[in-house]
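Below is one structure, written out as structure tokens; the observations come after it.
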Amino acid sequence: MHQTYISDIAAREGETVEIRGWLYNLRSGGKLKFLQVRDGTGMIQGVLSKKEVSEEVWTAAQELTQECSIIVQGQVNKDERAPSGFELWLKDLIIVGSADEYPITKKEHGDAFLLDHRHLWIRSRRQHAILRIRHQVIKAMRDFFDDLGFINLDAPIFTPNASEGTSTLFETDYFGDKAYLSQSGQLYMEPGCAAFGKVYCFGPTFRAEKSKTRKHLTEFWMLEPEVAYMDLRGCMELGEDMLCFIIRRVLERCKSELNTLDRDISKLECIQKPFPRIHYKEACEILVDKGIDFTPGDDFGTPDEEALVEGYDKPLLIHHFPAAIKAFYMKCEANDPETSLSVDFIAPEGFGEIIGGSQREDNLDILKQKIKSHDLPSEAFEWYLDVRRYGTFPHSGFGLGLERTIAWICGIRHIRETIPYPRLMHRLKP
RNA sequence: UCCUCGGUAGCUCAAUUGGUAGAGCGGGUGGCUGUUAACCACUAGGCUGGGGGUUCAAGUCCCUCCCGAGGAGCCA
């Protein structure tokens with residue numbers, strides 16, 4: 001018999017089908033057993049009645065354990081008592097592979113235990129919902145840019161030097177030379193947009209900072225678009241449009257997953273243009289007015305960010321940060337070299353910064369000067385400076401942290417659940 | 001690196017002023033024809049993170065080390 005996927009089962013009412021999957025849970029009576037079977041596409045309740053099956057099948061059913069792999073055949077019936085509204089009247093059952101003492105039981109577990117068993121944890125309902133949403137977010141991001149005529153131009157992971165000089169990098173041996181795992185693809189996108197106009201890269205990035213918070217991973221995925229002839233205003237609009245597109249797509253395609261996560265959907269439905277925008281100086285005034293201990297000119301810490309987004313139900317755009325606290329490649333106001341053409345997107349509900357972007361410095365001499373004043377090795381940036389030597393042009397882009405965006409959309413506290421295999425300061429396994 | 005909290009059965013957690021180490025889940029055995037994290041009965045399961053100390057007596061108090069968590073800094 002052909003395999004049927006549980007996601008298609010509603011259309012097969014009355015038919016006898018074969019499901020190949022795993023036993024999620026078993027509730028057993030003396031002559032009646034209820035099998036919760038999952039196959040990756042969904043979950044269905046199988047009903048096994050002693051007097052309706054052969055002795056071999058009933059004997060085999062005595063060996064069922066949580067997460068053993070099984071192939072079952074049965075008739076699809078509508079029944080209000082079944083968790084999904086449909087159930088399978090089982091006629092045949094084969095145990096493909098046994099599973100002794102599956103570690104993840106029906107009661108709660110601690111974070112460390114679940115992360116140690118991440119390879120099994122991803123079988124569970126909640127993790128399934130999160131990772132399905134991750135899949136749709138990634139697809140939505142790509143569709144958004146592809147539909148606008150962008151080219152996906154991925155950046156290398158091995159890089160010869162730091163892009164911003166501030167973050168700690170993972171160092172590796174590269175045939176006797178030092179190489180570093182990429183912490184941003186941005187420098188490679190700038191030449192890319194000179195070649196193709198509109199480009200983006202999407203890949204893993206690595207930060208060796210010893211951050212131990214629910215918002216940090218040492219390996220995370222970043223989406224970085226870069227557009228020729230786009231200014232800071234255009235950059236803010238692009239980020240806004242993209243976030244709205246992603247949210248709308250998730251609402252269209254992942255309602256049941258959001259329900260599984262108990263996500264308040266109204267919090268996502270209100271994410272529509274325009275997003276609130278405030279100038280850095282205005283943000284400083286707000287913090288001072290709120291009586292928060294903050295020195296104007298500094299970068300915002302987590303408590304500052306939370307105080308600023310308080311009261312907003314959409315991402316907050318803070319723009320025109322002081323140049324001194326931002327990366328060397330950011331362009332400054334024409335009449336104010338102290339102020340950078342930069343923007344941060346702060347997600348509501350305490351999920352923090354999800355996008356950082358800017359207009360890039362396009363003047364060769366100013367950029368050379370900035371590299372020098374940031375104590376960066378100028379020879380390492382010669383290739384990057386070529387973008388300014390051969391037909392310079394205004395351009396802008398941003399970086400979006402995928403996992404923080406997913407945490408926000410899903411409404412989950414820990415970023416580590418938003419990636420299949422999280423890499424944290426104290427976690428390299430499994 | 002700093003601050004705070006934690007480590008007891010396979011897992012999640014209890015254990016009163018220091019006084020015999022307990023429950024639920026999971027495992028095993030038996031029962032149950034409509035279960036919804038099913039239920040009922042019985043059962044096995046412990047170097048209380050390691051080391052040192054105080055005490056008649058330490059899971060509990062002190063010192064030290066190890067491991068973990070989330071917050072700061074830094075960032076997405």
Side-chain angles (χ1 to χ4, degrees), chain A residues 24-36 43 45-52 58 62 65-67 77 79-85 87 89 99-117 120-121 124-126 163-169 183-186 204-224 239 298-306 315 325-327 344-347 350-357 398-408 413-416 418-419 424-427:
Chain A
Y24 191 73
N25 193 16
L26 175 71
R27 288 184 281 272
S28 171
K31 291 167 187 164
L32 195 63
K33 292 178 188 295
F34 297 94
L35 288 67
Q36 309 304 323
M43 189 96 72
Q45 171 162 285
V47 183
L48 196 67
S49 170
K50 188 176 182 182
K51 66 179 181 187
E52 311 232 348
W58 188 254
Q62 308 310 307
T65 54
Q66 192 187 357
E67 286 300 328
N77 284 325
D79 195 310
E80 279 180 3
R81 293 170 294 186
S84 70
E87 61 185 18
W89 281 82
D100 291 336
E101 294 202 46
Y102 187 69
I104 300 178
T105 67
K106 286 179 271 185
K107 281 279 168 106
E108 348 62 90
H109 295 278
D111 300 325
F113 180 82
L114 288 169
L115 285 168
D116 284 341
H117 297 83
L120 302 175
W121 192 19
S124 67
R125 201 187 289 266
R126 178 182 158 82
S163 64
E164 302 180 26
T166 51
S167 302
T168 322
L169 297 162
Q183 59 173 350
S184 165
Q186 194 231 301
T205 50
F206 306 88
R207 304 279 166 93
E209 284 146 358
K210 295 187 174 177
S211 297
K212 285 178 63 178
T213 82
R214 61 192 170 86
K215 291 180 195 166
H216 288 86
L217 296 166
T218 55
E219 177 181 325
F220 67 97
W221 286 64
M222 190 151 66
L223 173 81
E224 294 173 281
D298 285 358
D299 207 353
F300 301 123
T302 303
D304 308 320
E305 276 180 7
E306 295 199 352
I325 57 170
K326 286 292 182 184
D344 283 359
F345 286 50
I346 314 295
F351 291 98
E353 184 184 346
I354 53 173
I355 288 179
F398 62 78
L400 168 127
L402 177 70
E403 287 77 13
R404 284 188 186 176
T405 304
I406 294 167
W408 167 47
R413 237 179 94 70
H414 294 100
I415 193 174
R416 61 190 171 200
T418 63
I419 186 166
L424 303 156
M425 191 182 151
H426 291 292
R427 183 164 299 278

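Predicted model only: the values in this text are computed from it and were never measured.
- Across the protein-nucleic acid pair, A:Glu80 atom CD and B:G34 atom C1' stand 13 Å apart, rounded to whole Å.
- Protein atom CG of A:Asp116 is 15 Å distant from nucleotide atom P of B:C67, rounded to whole Å.
- One interatomic measurement links the two molecules: CD of A:Glu403 to P of B:A76, which rounds to 14 Å at whole-angstrom precision.
- A straight line from CG of A:Leu217 to P of B:G70 spans 11 Å, rounded to a whole angstrom.
- If you take CG of A:Leu424 and P of B:G70, they are 8 Å apart, rounded to a whole angstrom.
- Contact annotation: side chain of A:His426 to base of B:C67, donor-acceptor pair absent below 3.5 Å.
- Side-chain atoms of A:Ser211 come within donor-acceptor range of the base of B:G73, with a qualifying N/O pair under 3.5 Å.
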- Message: Treating primed atoms plus P, OP1 and OP2 as sugar-phosphate and everything else as base, which nucleotides of nucleotides 23-28 of chain B get B, S or - for protein heavy atoms under 4.0 Å?
- Response: -SSSS-

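- Remark: A:Asp79 engages A:Arg81 in a salt bridge (Lys or Arg N to Asp or Glu O under 4.0 Å) (not counting sequence neighbours).
- Summarising the base pairing, B:G6 is matched to B:C67 through a Watson-Crick or G-U wobble pair whose two defining distances lie under 3.5 Å.
- Picking from B:U35, B:G70, B:G73 the nucleotide with the shortest atom distance to the side chain of A:Arg81 gives B:U35.
- A donor N or O paired with an acceptor N or O is not found under 3.5 Å between the base of B:C11 and the side-chain atoms of A:His109.
- With B:C74, B:G70, B:G34 as the candidates, the nucleotide lying closest to the side chain of A:His216 is B:C74.
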Which atom pairs link the protein and nucleotides 29-33 of chain B when you take only N or O atoms and keep those under 3.5 Å?
residue	atom	partner	partner atom	Å
B:C32	N3	A:Ser28	O	3.4
B:U33	OP2	A:Lys31	N	3.4

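- Atom-to-atom, CD1 of A:Ile325 to P of B:G73 comes out at 13 Å; the value is rounded to the nearest Å.
- Closest to the side chain of A:Asp79, out of B:C75, B:G34, B:A69, is B:G34.
- Taking atom P in both B:A21 and B:U60, one finds a spacing of 13 Å when rounded to whole Å.
- When the nearest nucleotides of RNA chain B are assigned to A:Glu305 and A:Arg427 by heavy-atom distance, the more 5′-ward of the two goes with A:Arg427.
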